[in-house]
Structure formats: C-alpha cells, structure tokens
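Just so you know, residue 1 is the first one in the sequence shown, and it goes up from there. Predicted, not measured: the structure shown is a model, and the values here were computed from it.
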Amino acid sequence: MAVSTPVCDFGAPWHEFSLPGANGCIYSLTDVSGPRGTLVMFICNHCPYVQSIIDRIVRDVRQMQAAGIGVVAISANDVREYPQDGPEYMKAFAERHGFSFPYLFDEAQDVARAYGAECTPDFFGYNAQGELQYRGRFDASARTPGPTDARRELLEAMLQIAETGKGPENQVPSMGCSIKWKTA
C-alpha cells in the first residue's frame with residue numbers, strides 16, 4: 001500500500017544518530033552532514049518506488065555532493081519480516097548501484113521514528129544550520145520511473161537550500177512503501 005509523506009515542517013531540527021553502515025563503519029550525523037546542507041533519506045532495497053529511481057538518486061546525489069551537500073541513506077525496515085533489506089543485502093545493493101554516500105541500518109528503528117519517516121523513499125532536506133527545508137518527492141516517478149526529462153524536484157530543492165538556506169514553499173509529498181515497523 002502506497003503511503004505519502006506529510007508536508008514539510010519548515011525549521012524542524014535534524015536528529016543526531018550513530019548507526020552502522022553497510023560497509024561496516026559507524027556513522028553519525030556529524031560524519032555525513034555537509035557544509036551547505038544535508039539530505040537524510042529513508043530507503044530500502046525491496047521497495048519498487050525506490051528501485052524505480054535509485055539510479056537517478058545516485059546521479060543527483062553526485063551533483064549535490066559537488067555543491068557541498070552531505071547525503072546519507074538509512075534503511076529501517078524490520079528485517080525479520082523483510083530479510084532482503086538486511087545489512088548484507090544493503091551492502092550488495094549499494095555496490096551494485098554505485099552509492100557515493102553511506103547506507104546505514106537503523107535496526108532499532110529509533111532514528112526513523114525520531115525523523116518521522118513514513119515511507120521509502122522519504123527525503124529530509126536540511127540547511128547548513130540543521131533546519132528542515134524539504135520533505136517532498138524525488139520527481140514524478142512512482143512504482144515505475146517517470147519520464148527521463150522529469151523535473152528533478154529533490155535536486156532543485158537541495159541546490160536552492162545550499163544557495164539560500166531556504167527550501168521551496170511548494171512541495172509535492174513523496175510516495176512509497178510504508179516503513180516496515182517491528183511489531184511488539
């Protein structure tokens with residue numbers, strides 16, 4: 001079932017974390033934040049919404065990083081129910097798609113809850129002061145890729161944030177598979 005994200009809560013603070021990466025290293029927010037902004041995205045391996053845009057994400061992230069924007073991806077799905085989202089598969093997924101950013105595993109799901117993540121993909125774009133400025137979609141893609149000339153909404157927003165410290169006022173919510181929360 002597709003889930004959409006809420007509207008951007010402009011100015012909301014980012015949340016510190018310390019999580020293991022698919023490469024075996026531990027990363028904190030300080031390790032991944034950029035001098036001109038930071039993108040925290042919640043993704044997973046099996047979601048068709050993520051799969052439809054992952055190569056575009058990797059392409060656009062390279063441009064963001066060149067502009068001084070730090071980027072991190074976090075998977076928080078319950079791997080007992082969705083083992084294909086576990087760390088060993090995350091490493092292969094990141095390598096296969098040529099990630100230039102850390103891909104972290106939030107096993108306890110505490111980071112996803114702190115951020116208020118709803119779905120995969122879910123994008124949180126912060127300015128250099130750690131204030132939320134973007135909570136929208138990547139582009140017009142859904143379960144299948146959008147047109148190759150689709151407006152690159154996330155990239156445009158993050159470059160605007162890097163330049164001005166402010167995100168666009170009008171944002172289209174992201175849509176994707178719900179985060180697979182653990183049951184008690």
Side-chain angles (χ1 to χ4, degrees), residues 1-22 25-47 49-50 53-54 57 60-61 64-65 69-79 81-82 85-87 90 93-94 99 101-139 153-155 157-158 160-162 165-169 171-184:
M1 181 176 101
V3 173
S4 291
T5 59
V7 296
C8 184
D9 182 11
F10 286 95
W14 56 17
H15 303 277
E16 187 56 63
F17 55 79
S18 180
L19 294 172
C25 298
I26 302 293
Y27 293 88
S28 70
L29 180 59
T30 304
D31 296 325
V32 301
S33 61
R36 299 182 70 206
T38 303
L39 174 64
V40 177
M41 61 180 143
F42 290 86
I43 66 171
C44 72
N45 303 341
H46 88 274
C47 173
Y49 292 87
V50 172
I53 61 171
I54 194 62
I57 288 173
D60 287 1
V61 161
M64 289 179 213
Q65 290 171 322
I69 299 164
V71 179
V72 64
I74 300 172
S75 179
N77 279 354
D78 178 0
V79 296
E81 295 296 323
Y82 295 86
D85 289 335
M90 291 170 58
F93 189 79
F99 283 18
F101 49 90
Y103 188 18
L104 312 182
F105 181 48
D106 181 15
E107 184 174 16
Q109 302 182 318
D110 294 336
V111 176
R113 289 188 195 287
Y115 277 84
E118 300 274 339
C119 61
T120 58
D122 200 347
F123 302 101
F124 294 81
Y126 293 89
N127 63 20
Q129 291 72 44
E131 301 164 331
L132 185 63
Q133 296 295 317
Y134 190 75
R135 178 96 187 264
R137 67 185 183 180
F138 179 79
D139 67 12
E153 296 169 51
L154 176 64
L155 176 63
M158 291 307 300
Q160 178 180 325
I161 291 165
K166 300 285 184 195
E169 288 185 28
Q171 303 177 13
V172 178
S174 187
M175 180 191 301
C177 300
S178 65
I179 300 280
K180 308 309 184 217
W181 301 108
K182 294 178 180 179
T183 55

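When all heavy atoms are compared, the tightest approach of Ala22 to Pro87 is CB-O, 4.4 Å. Taking every heavy atom of both residues into account, Ala128 and Pro35 meet most closely at CB-O, 3.4 Å. Listed here is the closest heavy atom pair of Val32 and Pro102: CG1-CG, 3.8 Å. When all heavy atoms of Ile26 and Ser18 are compared, the closest pair comes out as CG2-OG, 3.2 Å. Heavy-atom minimum distance, Ile53 versus Pro121: CD1-CG, 4.0 Å. When all heavy atoms of Cys177 and Cys47 are compared, the pair lying nearest together is SG-SG, 3.0 Å.
You'll find the side chain of Leu154 stays beyond 4.5 Å of the side chain of Asp139, heavy atoms only. Residues Met158 and Phe123 are not in side-chain contact: their nearest non-hydrogen atoms beyond the backbone lie 4.5 Å or more apart. Side-chain contact between Asn77 and Ile179 is present, with at least one heavy-atom pair separated by less than 4.5 Å. Taking the side chain as every heavy atom from C-beta outward, Ile57 and Phe138 approach each other to under 4.5 Å. In this structure, Arg135 and Phe124 have side chains that are in contact, with non-hydrogen atoms separated by less than 4.5 Å. Put simply, the side chain of Met175 does not reach to within 4.5 Å of the side chain of Cys119, judged on heavy atoms. Contact of the Phe42 side chain with the Ile74 side chain is registered, since non-hydrogen atoms from C-beta on lie closer than 4.5 Å.
Of the possible polar contacts, one joining the Asp85 side chain to the Asn45 backbone as a donor-acceptor pair under 3.5 Å is found. Using modelled atom types, no side-chain atom of Glu131 and backbone atom of Phe10 make a donor-acceptor pair closer than 3.5 Å. Judged purely by atom type and a 3.5 angstrom limit, Asp106 uses its side chain to pair as donor or acceptor with the backbone of Val111. Between the side chain of Gln171 and the backbone N or O of Cys8 there is no donor-acceptor pair closer than 3.5 Å. Side-chain N or O atoms of Thr5 include none that pairs as donor or acceptor with a backbone N or O of Asp122 at under 3.5 Å. Not one N or O on the side chain of Asp78 forms a donor-acceptor pair closer than 3.5 Å with the backbone of Lys180.
One finds the CD atom of Gln129 at 4.5 Å from the CG atom of Asn127 (value rounded to the nearest 0.5 Å). Atoms CG and CG, from Leu155 and Asp60 in turn, are 4.5 Å apart once rounded to the nearest 0.5 Å. If you take CD on Gln133 and NZ on Lys166, they are separated by 5.5 Å, rounding to the nearest 0.5 Å.
Applying the salt bridge (Lys or Arg N to Asp or Glu O under 4.0 Å) test to Glu153 and every residue at least two apart in sequence or in another chain returns Arg137. Annotation: side-chain contact (heavy atoms from CB on, under 4.5 Å) contacts of Ala12 (sequence neighbours excluded): Asp9, Leu132. Residues satisfying the side-chain contact (heavy atoms from CB on, under 4.5 Å) test with Ser28, not counting sequence neighbours, are Glu16, Thr30, Asp31.
Open room surrounds CD on Glu107; 12 or fewer heavy atoms of other groups in view lie less than 6.0 Å from it.
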Working for side-chain contact (heavy atoms from CB on, under 4.5 Å), residues Phe17 and Leu29: CA-CA 6 Å; Phe17 55 79; Leu29 180 59; 3.8 Å; yes
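Using bins of under 30°, 30° to 60° and over 60° for the plane-to-plane angle, the ring pair Tyr103/Phe93 lands in the tilted bin. Taking the six-membered ring where tryptophan is involved, the planes of Tyr115 and His15 are perpendicular, since the angle between them exceeds 60° and thus also 30°. Using bins of under 30°, 30° to 60° and over 60° for the plane-to-plane angle, the ring pair Trp14/Tyr126 lands in the tilted bin.
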